[in-house]
Colleague: 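First the structure, which I've put down as structure tokens, then a few questions once you've had a look.
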Amino acid sequence: MDKAYLQAISYYFPQKKLTNEDLSILHPEWNPEKIANKTGIRNRYISADEETAVDMAEKAANALFDEYN
């Protein structure tokens, strides 16, 4: 049986970003560092209202093709 290998990978992040600092402004009782320690997350990327998963997949695929031919 032939084996399959990943030879390259790419990604796309939407423009809008929600940070732990942003969350702590919305919820003053939350400390940004505590959020990071508890969740392991520092940033959340939020898609635009008209942006779908297919749109983001296409952008990631195009980045992959541009980077690795």
Side-chain angles (χ1 to χ4, degrees):
M1 178 187 277
D2 291 331
K3 295 182 180 181
Y5 298 94
L6 285 177
Q7 300 227 343
I9 192 167
S10 194
Y11 57 89
Y12 164 76
F13 289 122
Q15 295 293 97
K16 187 175 176 183
K17 182 168 63 168
L18 179 68
T19 67
N20 290 344
E21 288 76 16
D22 297 331
L23 284 176
S24 69
I25 291 169
L26 296 171
H27 303 278
E29 68 279 10
W30 297 357
N31 175 300
E33 201 57 38
K34 187 174 183 179
I35 296 169
N37 290 337
K38 285 192 164 277
T39 65
I41 300 170
R42 294 196 180 276
N43 301 305
R44 292 141 195 88
Y45 293 90
I46 313 295
S47 63
D49 288 341
E50 69 281 352
E51 191 171 42
T52 68
V54 172
D55 296 327
M56 292 185 281
E58 180 184 16
K59 290 174 184 174
N62 287 333
L64 177 73
F65 297 144
D66 290 344
E67 293 170 29
Y68 299 101
N69 279 333

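One is the number of the first residue; the rest follow in order along the sequence. Keep in mind that what you see is a predicted model, and the values were worked out from it rather than measured.
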Colleague: Suppose we screen for side-chain hydrogen bond (donor to acceptor under 3.5 Å, both in side chains). Which residues come up paired with Ser10, at least two apart in sequence or across chains?
Modeller: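 Residues passing side-chain hydrogen bond (donor to acceptor under 3.5 Å, both in side chains) with Ser10: Glu67.
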Colleague: In Å and rounded to the nearest 0.5 Å, what is the OG to CZ distance from Ser47 to Phe13?
Modeller: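 So the gap between those two atoms works out to 13.5 Å.
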Colleague: Can you tell me how far CG of Leu23 sits from CG of Leu18, rounded to the nearest 0.5 angstrom?
Modeller: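 Going from CG on Leu18 over to CG on Leu23, the span is 4.5 Å.
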Colleague: Give, for atom CG of Asn20 and atom CD1 of Ile41, the distance between the pair rounded to the nearest 0.5 Å.
Modeller: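 Here the rounded value is 8.0 Å.
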Colleague: Do the non-hydrogen side-chain atoms of Lys38 and Ile35 ever get within less than 4.5 Å of each other?
Modeller: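 Not touching, per the 4.5 Å side-chain cut-off.
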Colleague: Is any side-chain heavy atom of Glu50 closer than 4.5 Å to one of Asp55?
Modeller: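 No, every pair of side-chain atoms sits at 4.5 Å or beyond.
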Colleague: CD1 of Ile9: more than 12 outside heavy atoms within 6.0 angstrom?
Modeller: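 No, the 6.0 Å shell around CD1 holds no more than 12 heavy atoms from other groups.
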Colleague: Any chance you could measure Gln15, atom CD, to Tyr45, atom OH, to the nearest 0.5 Å?
Modeller: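 With rounding to 0.5 Å, CD (Gln15) is 10.0 Å from OH (Tyr45).
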Colleague: Does Val54 share a hydrophobic cluster with Tyr12, counting links as ILVMFWY side-chain heavy atoms below 4.5 Å and allowing steps through other members?
Modeller: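 Val54 and Tyr12: separate clusters.
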Colleague: By the salt bridge (charged side-chain N to carboxylate O under 4.0 Å, His left out) test, which pairs, at least two apart or in different chains, include something from residues 10-37?
Modeller: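 Qualifying pairs: Glu33-Arg42.
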Colleague: For the residue pair His27 and Trp30, categorise the inter-ring angle as parallel (less than 30°), tilted (30 to 60°) or perpendicular (more than 60°).
Modeller: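 Answer is parallel, since the angle falls under 30°.
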